[in-house]
2 protein chains.
Amino acid sequence: MRPLFHPAIEDVRPEAILHALADPARAAIFARIATAGCVEACTVLSTVGDRVIPKSSLSSHFKVLREAGLIRSERRGVEMRNESRCAEVDARFPGLLAAIMSAYAVRSDPAA
Amino acid sequence: MRPLFHPAIEDVRPEAILHALADPARAAIFARIATAGCVEACTVLSTVGDRVIPKSSLSSHFKVLREAGLIRSERRGVEMRNESRCAEVDARFPGLLAAIMSAYAVRSDPAA
DNA sequence: ATCGTTAGTTCCGAAGTTCCGAACTATGGG
DNA sequence: CCCATAGTTCGGAACTTCGGAACTAACGAT
């Protein structure tokens, strides 16, 4: 298993963030990591909404989020700890994550 | 030639906007339409940075922006007028476009 | 009217990306 | 040591993107 790659915050590119969050499943995973105490293992969230996501797909979603600079992942024994890099990303691209997350919230809002 | 499709603002989905703007070339085209008096024809901007974009690719970039709800295009004789739908999009997803555009500006900022 | 020019679209093949099941690797417990 | 669990990698099918060539549509000049 190759080591986990995390870009330095100054190497994080906006197109990678937009690409990562342009997938609603990935955006939902990220939202859960960002809100749920900033730590969540992989198979804890093997469903998004009512949709089951296969392990291999989940693994690559995490990889995309990690390589976009949105989360930091660490192997802890047999499982993985993921925490969001919201604070760092927000310092570099102020307001970006908040605006994206609230855009998704608008869409799922029945009043919208 | 089939007619140009524009989604109603309430049908605009955040993932479509993120996907459209996740491509730096498309984001640059959109930025030019949004800032340059909100009207710009296609071949006026056949280059992005120092990169030449073929007509067929340009045409599909415009289509992606249009169908994401970011621009409104109208055939005016032999050419096309494009105007941004910033105001509508901003009313639905407040701050989203501004945050994305300033994220790209950070990236191209030599001090970043 | 018809020709030429300019603006943009469509078609289609090549190249690249995404999805997901199956096989694999790594860690920890009994 | 063997098993179970957590996650990764592989590989093929389905989908997307890119760009050149052929096409269409509008306008002006003759």
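Only heavy atoms go into these numbers, but all of them, side chains included; no hydrogens, no water, no symmetry mates.
Residues L96(A) and M101(A) share a hydrophobic cluster, clusters being chains of Ile/Leu/Val/Met/Phe/Trp/Tyr side chains in contact below 4.5 Å. Both I100(A) and V106(A) sit in one connected hydrophobic cluster of ILVMFWY residues. Membership requires side-chain heavy atoms under 4.5 Å apart, directly or through other members.
Looking only at distances, a side-chain donor or acceptor of S102(A) sits under 3.5 Å from a matching main-chain atom of A98(A). Of the possible donor and acceptor atoms, none in the side chain of S57(B) sits under 3.5 Å from a partner among the backbone N and O of I53(B). The backbone N or O of L21(B) sits less than 3.5 Å from a side-chain atom of Y104(B), completing a donor-acceptor pair. With hydrogens and angles disregarded, no donor-acceptor distance shorter than 3.5 Å links the side chain of S59(B) to the backbone of K55(B). The backbone N or O of R85(A) sits nowhere less than 3.5 Å from a side-chain atom of R72(A) that would complete a donor-acceptor pair.
When the P atom of dT9(D) is taken as reference, atom NZ of K63(A) falls 7 Å away, rounded to whole Å. Atom CZ of R75(B) is separated from atom P of dA7(C) by 15 Å (rounded to the nearest Å). Distance E15(A) CD to dT17(D) C1': 17 Å, rounded to the nearest Å. Rounded to whole angstrom, the span from the CG atom of L58(B) across to the P atom of dG8(C) amounts to 9 Å. Rounding to whole angstrom units, CD of residue E79(A) and P of dT5(D) are separated by 13 Å. To the nearest angstrom, P of dA7(C) lies 18 Å from CD of E74(B). For the pair F62(B) CZ and dG19(D) C1', the interatomic distance rounds to 17 Å; values are reported in whole Å.
No side-chain heavy atom of H6(A) sits less than 4.5 Å from a side-chain heavy atom of E74(A).
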Can you name the atoms? Protein N/O to nucleotides 16-22 of chain C N/O, anything below 3.5 Å, with the distance.
from: dT18(C); atom 1: OP1; to: H19(A); atom 2: NE2; distance (Å): 3.0
from: dC20(C); atom 1: OP2; to: S57(A); atom 2: OG; distance (Å): 3.4
from: dG21(C); atom 1: N7; to: S56(A); atom 2: OG; distance (Å): 3.1
from: dG21(C); atom 1: O6; to: S56(A); atom 2: OG; distance (Å): 3.2

Identify all pairs in which a protein N or O lies below 3.5 Å from an N or O of nucleotides 23-30 of chain D, and state each distance.
none

